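Being a predicted model, the structure only gives us computed values, none of them experimental.
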Amino acid sequence: MGSPSKDLVETEGALRVIIEHLIDAQETLQKIGDEIKNEPLKRHFLAESLQRAEFRGELENILHQEGVRDLHETGTTAGAVARAWTSLKTKLGAGDHALQATAEESERSVLDAYADALKKDLPLPVRQVLATQAAHIRQSCDYVGAAHDSSA
């Protein structure tokens, strides 16, 4: 059995990084959705948390189709710190405005991971999936940013 191709290794690496960021975003959006008082934003964050899980599943499925079986992702260290910081802020009484800012930061981090991956030489089907997912996240980030700006 030969070693994996350079393209597969690069694709796997890019997708694993995005999956880690999606885990962070999913957990952050869930936590914010649980804590925020604004009902439309609460629904948005909880729905987007589920969407990040779906995106993650889609990317894991791509890796499985390529023969990658060992997927035990846990998110990033920076994401764990951000979630702990969000927990502390909510315990100290942070309002919706602070939670919205945290959500925006989380979404930007995910978008940065997508942008980095899309700079790589990835197979067209993978590139298309990433571009579609990134466009959805960008729209969500814009919605949260607009809501954040209007509540300032």
Side-chain angles (χ1 to χ4, degrees), residues 4 7-38 40-92 94 96-148:
D7 291 342
L8 177 57
V9 170
E10 186 169 40
T11 300
E12 179 183 349
L15 293 184
R16 282 183 183 269
V17 168
I18 291 174
I19 288 168
E20 288 177 348
H21 281 81
L22 286 170
I23 291 168
D24 293 341
Q26 177 187 353
E27 292 175 6
T28 299
L29 294 171
Q30 173 73 45
K31 181 147 203 60
I32 291 170
D34 289 343
E35 298 293 334
I36 202 161
K37 305 293 184 254
N38 179 302
L41 284 174
K42 177 184 285 288
R43 286 189 301 275
H44 175 79
F45 289 132
L46 294 175
E48 288 302 313
S49 173
L50 293 173
Q51 186 66 58
R52 298 307 171 273
E54 187 176 309
F55 287 168
R56 174 185 174 195
E58 193 172 3
L59 299 182
E60 287 175 345
N61 189 44
I62 290 170
L63 290 175
H64 287 304
Q65 289 172 354
E66 293 299 325
V68 178
R69 298 283 177 241
D70 186 26
L71 293 174
H72 302 288
E73 307 300 339
T74 58
T76 66
T77 302
V81 170
R83 286 188 302 279
W85 178 239
T86 300
S87 292
L88 180 61
K89 285 194 283 190
T90 58
K91 286 178 184 165
L92 295 174
D96 285 6
H97 190 73
L99 294 173
Q100 287 172 289
T102 301
E104 277 187 278
E105 291 169 20
S106 175
E107 295 288 65
R108 283 194 190 105
S109 176
V110 176
L111 287 173
D112 289 345
Y114 276 90
D116 289 345
L118 288 167
K119 291 176 188 170
K120 299 181 185 310
D121 185 24
L122 302 173
L124 183 59
V126 172
R127 180 174 292 286
Q128 289 172 327
V129 168
L130 295 181
T132 300
Q133 289 181 358
H136 177 92
I137 294 169
R138 192 170 296 105
Q139 286 178 335
S140 173
C141 190
D142 291 346
Y143 173 80
V144 173
H148 186 226

Euclidean distance, [Y] [atom2] relative to [X] [atom1], rounded to 0.5 Å:
{"X": "I19", "Y": "E60", "atom1": "CD1", "atom2": "CD", "result": "4.5 Å"}
{"X": "I137", "Y": "H21", "atom1": "CD1", "atom2": "NE2", "result": "11.0 Å"}
{"X": "I32", "Y": "K42", "atom1": "CD1", "atom2": "NZ", "result": "11.5 Å"}
{"X": "N61", "Y": "H64", "atom1": "CG", "atom2": "NE2", "result": "7.0 Å"}
{"X": "E48", "Y": "H44", "atom1": "CD", "atom2": "NE2", "result": "4.5 Å"}
{"X": "T11", "Y": "L130", "atom1": "OG1", "atom2": "CG", "result": "9.0 Å"}

Give me each pair satisfying salt bridge (charged side-chain N to carboxylate O under 4.0 Å, His left out) with a member in residues 106-118, each pair once, sequence neighbours excluded.
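For residues 106-118: R52-E107, E104-R108, D116-K119.
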Locate the shortest heavy-atom distance separating [X] from [Y]; write the atom from each residue and the value.
{"X": "C141", "Y": "L111", "result": "CB-CD1, 4.3 Å"}
{"X": "A117", "Y": "L122", "result": "O-CD1, 3.2 Å"}
{"X": "Q30", "Y": "L46", "result": "NE2-CD2, 3.6 Å"}
{"X": "F45", "Y": "A103", "result": "CE2-CB, 3.5 Å"}
{"X": "A147", "Y": "L41", "result": "CB-CD2, 3.9 Å"}

Result for side chain to side chain donor-acceptor pair (under 3.5 Å) between Q133 and one of R56, Q51, E58 points to E58
The test is salt bridge (charged side-chain N to carboxylate O under 4.0 Å, His left out); show your working for E20 and R16 and say whether it passes.
CA-CA 6 Å; E20 288 177 348; R16 282 183 183 269; over 6 Å; no
So [Y] and [X], do their side chains get closer than 4.5 Å, heavy atoms only?
{"X": "L59", "Y": "L22", "value": "yes"}
{"X": "L29", "Y": "L50", "value": "no"}
{"X": "I36", "Y": "Q100", "value": "yes"}

Is it the case that the side chain of T132 and the backbone of Q128 share a donor-acceptor pair, with hydrogens and angles ignored and the cut-off at 3.5 Å?
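Yes, the answer is positive, given that a donor and an acceptor are paired below the 3.5 Å cut-off.
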Can you name the residues that form a salt bridge (Lys or Arg N to Asp or Glu O under 4.0 Å) with E66, not counting sequence neighbours?
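Residues passing salt bridge (Lys or Arg N to Asp or Glu O under 4.0 Å) with E66: none at all.
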Got a sec, which pairs hit ring pair (Phe, Tyr, Trp, His ring centres under 6.0 Å) with one end in residues 109-136, sequence neighbours left out?
F55-H136
